[in-house]
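Below is one structure, written out as structure tokens, with a few remarks after it.
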Amino acid sequence: MEISKRRGIIYPSFEIYGGLSGFYDYGPIGSRIKQNIENLIREFYLIDEGCMEVECPVLSPEDVWIASGHVENFTDKLTECTKCGEPYRADHLVEERLQRSCDHMGISELNDKINELGIKCPKCGGKLDGVYDYNLMFKTYVGPGKYKTSVYLRPETAQTTYLSFKRLWEIGRKKLPLGALQIGRSFRNEISPRQGMVRLREFNQAEIQFFVDPDKKESPRFDEVKGIKTKIIDKNDKTFEMTVGEAVENNIIGIQMIAYLLGKSLLLFKRMGINSDLLKLRQHKDNERAFYSVDTWDVEYDSPSLGRIELVGVSDRTDYDLRQHMNLSGENMHVEVNGRKFIPHVIEVAYGIDRPFYCVIESCFRGDNGRVYFSFPPNIAPYRVAVFPLVSKDNLPMKSIEIFNMLRKRRILSIYDESGSIGRRYARADEIGIPFCITVDYDTLKDDTVTIRYRDTKEQKRIQIKDIPSNIQY
Ligand code: GAP
């Protein structure tokens with residue numbers, strides 16, 4: 001986090017007013033990386049899977065969240081210190097003590113555990129009050145005076161995608177499966193966001209809703225992922241080391257489409273630069289699953305610094321959401337396919353952006369022999385190339401700027417830097433993970449060649465200026 005702050009990757013928001021827990025700014029370097037992560041997801045789902053993209057408002061009327069069940073059920077288990085008032089997520093306090101996941105525990109079990117284990121307020125040692133359900137949505141109003149309407153900031157993008165299902169059905173020429181991607185902000189008034197970027201109150205999601213025939217939850221391209229080997233933990237805490245294909249054959253992952261999307265997500269996280277040895281698949285326990293789902297699997301990352309982090313959840317939401325919105329709004333959500341009428345089921349892939357971002361930063365951080373750098377893949381790095389004149393005299397800057405402008409014209413995001421020693425400039429480029437450096441020297445003026453330096457290996461090669469673009473592809 002210290003390095004992130006110094007290099008303009010991320011830093012706490014509202015710092016000059018003392019900050020506010022659960023909010024972060026993406027700095028000039030971080031926002032480039034974040035957009036690259038989003039674009040990679042976009043590419044995977046728009047190009048490979050043929051999804052459509054939508055963008056909806058972050059505020060929505062109360063009825064939407066009554067229908068979806070969030071007003072009643074979107075809660076966490078809260079306990080407060082009777083002495084200092086500090087709030088805590090009860091399941092997290094018990095989890096810290098037992099060193100195992102407690103997301104599934106109900107109110108009475110959590111109260112019993114807190115008493116049994118003698119858990120006190122970590123801040124002041126005071127007695128903790130009874131556990132209760134606390135709704136995570138932010139409520140506000142739209143419009144003035146008596147015309148004002150209650151609205152909520154969305155806690156997930158998914159619901160807003162469901163609302164226009166009938167339009168998407170028409171636009172997508174009435175075919176299933178129909179995939180709709182939405183990338184945008186979501187908001188949750190988290191109880192105690194103490195884990196930096198992992199638990200934010202305003203965060204980013206990329207959620208894909210696949211509307212499918214309830215009888216067709218297979219995937220035509222399952223072959224592309226079936227050979228991926230990974231660690232898998234089922235809802236009974238049984239652990240397996242096997243391929244995604246074997247997990248389906250052995251009915252550990254019951255729905256082929258879920259297995260396919262989990263496999264795709266493993267590939268996607270690897271493409272982002274996340275250490276795939278630290279990834280695993282974990283099924284939600286029956287009493288841990290969200291109220292709208294009949295089966296949920298997460299891809300989790302075992303962070304050396306923060307422990308278990310959920311990066312994406314893949315769920316079978318059945319026809320729950322469309323049916324709920326049909327019942328409250330009156331809009332008929334049935335479709336007709338080959339003479340059969342039904343409400344489509346939804347298989348959802350729900351990515352956070354901020355958590356994968358954190359894992360990319362952590363996985364790509366290298367500190368070898370005093371050399372500190374980020375080994376971001378070129379498509380994730382904040383800039384593709386840094387261009388340097390060896391010295392800032394004798395027309396070398398002019399030639400370097402010519403190259404920099406040539407890259408600019410080709411829409412390749414690069415930086416130009418002529419200040420300090422060449423060693424210092426390489427180090428500065430490494431520190432923000434720029435994969436390629438181009439150095440212009442006296443030979444460049446004679447034969448139009450430059451030195452290209454590769455960040456991870458520090459290998460240097462002489463190439464023609466005209467060959468720079470083909471040398472910096474990924
Ligand atoms: N639409 C389903 C849904 O929202 P979720 O598991 O609650 O499911 C999906 O959230 C993803 O959003 C998570 O896997 C995580 O990456 C991200 N996420 C959820 N809450 C978050 C928070 N408070 N801060 C940062 N990311 C969060």
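Predicted, not measured: the structure shown is a model, and the values here were computed from it.
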Nearest 0.5 Å please: distance from the [atom1] atom of [X] over to the [atom2] atom of [Y].
X: N204; Y: M197; atom1: CG; atom2: CE; answer: 8.0 Å
X: Y358; Y: M1; atom1: OH; atom2: CE; answer: 7.5 Å
X: I432; Y: R7; atom1: CD1; atom2: CZ; answer: 9.0 Å
X: I468; Y: R384; atom1: CD1; atom2: CZ; answer: 13.5 Å
X: D321; Y: E348; atom1: CG; atom2: CD; answer: 8.0 Å
X: I412; Y: I472; atom1: CD1; atom2: CD1; answer: 4.0 Å

[X] and [Y]: side-chain donor and acceptor closer than 3.5 Å?
X: Y260; Y: S265; answer: no
X: R366; Y: S375; answer: yes
X: Y141; Y: Y147; answer: no
X: K217; Y: H345; answer: yes
X: T296; Y: S293; answer: yes
X: E80; Y: Y132; answer: yes
X: Y162; Y: R317; answer: yes
X: Q205; Y: S186; answer: yes
X: Q182; Y: T161; answer: yes
X: Q159; Y: H325; answer: yes

Might you point out which heavy atoms bring [X] and [Y] nearest each other, and give the distance in Å?
X: V64; Y: S60; answer: CG2-CB, 4.3 Å
X: D63; Y: L328; answer: O-CD2, 3.3 Å
X: A206; Y: I183; answer: CB-CG1, 3.8 Å
X: P382; Y: L413; answer: O-CD2, 3.4 Å
X: D467; Y: S470; answer: O-OG, 3.1 Å
X: I361; Y: F374; answer: O-CE2, 3.5 Å

In this structure, is the centre-to-centre distance between the rings of F165 and F211 below 6.0 Å?
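When the ring centroids of F211 and F165 are compared, they turn out to be within the sub-6.0 Å range.
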Decide if the gap between the ring center of Y11 and the ring center of Y24 is smaller than 6.0 angstrom.
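Judged by ring-centre distance (under 6.0 Å), Y11 and Y24 do not meet the cut-off.
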State, yes or no, whether a side-chain contact exists between [X] and [Y] at a heavy-atom distance under 4.5 Å.
X: E207; Y: V349; value: no
X: L407; Y: V387; value: yes
X: P193; Y: L200; value: no
X: M257; Y: K216; value: no
X: L322; Y: P344; value: yes
X: T140; Y: Y152; value: no
X: V337; Y: L176; value: yes

Is it the case that the side chain of [X] and the backbone of [Y] share a donor-acceptor pair, with hydrogens and angles ignored and the cut-off at 3.5 Å?
X: K166; Y: H334; answer: yes
X: E96; Y: L93; answer: no
X: R89; Y: S192; answer: no
X: Y134; Y: N189; answer: yes
X: E43; Y: L40; answer: no
X: Q473; Y: P469; answer: yes
X: N332; Y: M326; answer: no
X: T79; Y: A90; answer: no
X: N135; Y: V71; answer: yes
X: T75; Y: D133; answer: no

Give a yes or no on whether [X] atom [atom1] has more than 12 heavy-atom contacts from other residues, nucleotides or ligands under 6.0 Å away.
X: E218; atom1: CD; value: yes
X: K270; atom1: NZ; value: no
X: E55; atom1: CD; value: no
X: F14; atom1: CZ; value: yes

Any ion pair linking [Y] and [X] (charged N to carboxylate O, less than 4.0 Å)?
X: E53; Y: R42; answer: yes
X: K238; Y: D234; answer: no
X: K113; Y: E95; answer: no
X: R188; Y: D76; answer: no
X: K5; Y: E2; answer: yes
X: K264; Y: D48; answer: yes
X: K139; Y: E62; answer: yes
X: R221; Y: E49; answer: yes
X: R199; Y: E190; answer: yes
X: E202; Y: R185; answer: yes
X: E300; Y: K280; answer: yes

Would you call the rings of [X] and [Y] parallel, tilted or perpendicular if under 30° counts as parallel and over 60° as perpendicular?
X: Y416; Y: F404; answer: tilted
X: F74; Y: H70; answer: tilted
X: Y320; Y: F291; answer: perpendicular

Between S13 and D25, is the side-chain hydrogen bond (donor to acceptor under 3.5 Å, both in side chains) condition met? List the steps.
CA-CA 5 Å; S13 304; D25 285 8; 2.7 Å; yes
Cation-pi check, K34 to Y26: give yes when NZ or CZ is under 6.0 Å from the six-membered ring centre and within 45° of the ring axis, no otherwise.
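Yes, cation above the ring, under 6.0 Å and within 45°.
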With respect to Q283, which candidate in N236, D295, D237 satisfies the side-chain hydrogen bond (donor to acceptor under 3.5 Å, both in side chains) definition?
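Of the listed options, the one satisfying the test is D295.
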Would you please test E362 and S303 for side-chain hydrogen bond (donor to acceptor under 3.5 Å, both in side chains) and show each step?
CA-CA 8 Å; E362 186 174 274; S303 161; 3.0 Å; yes
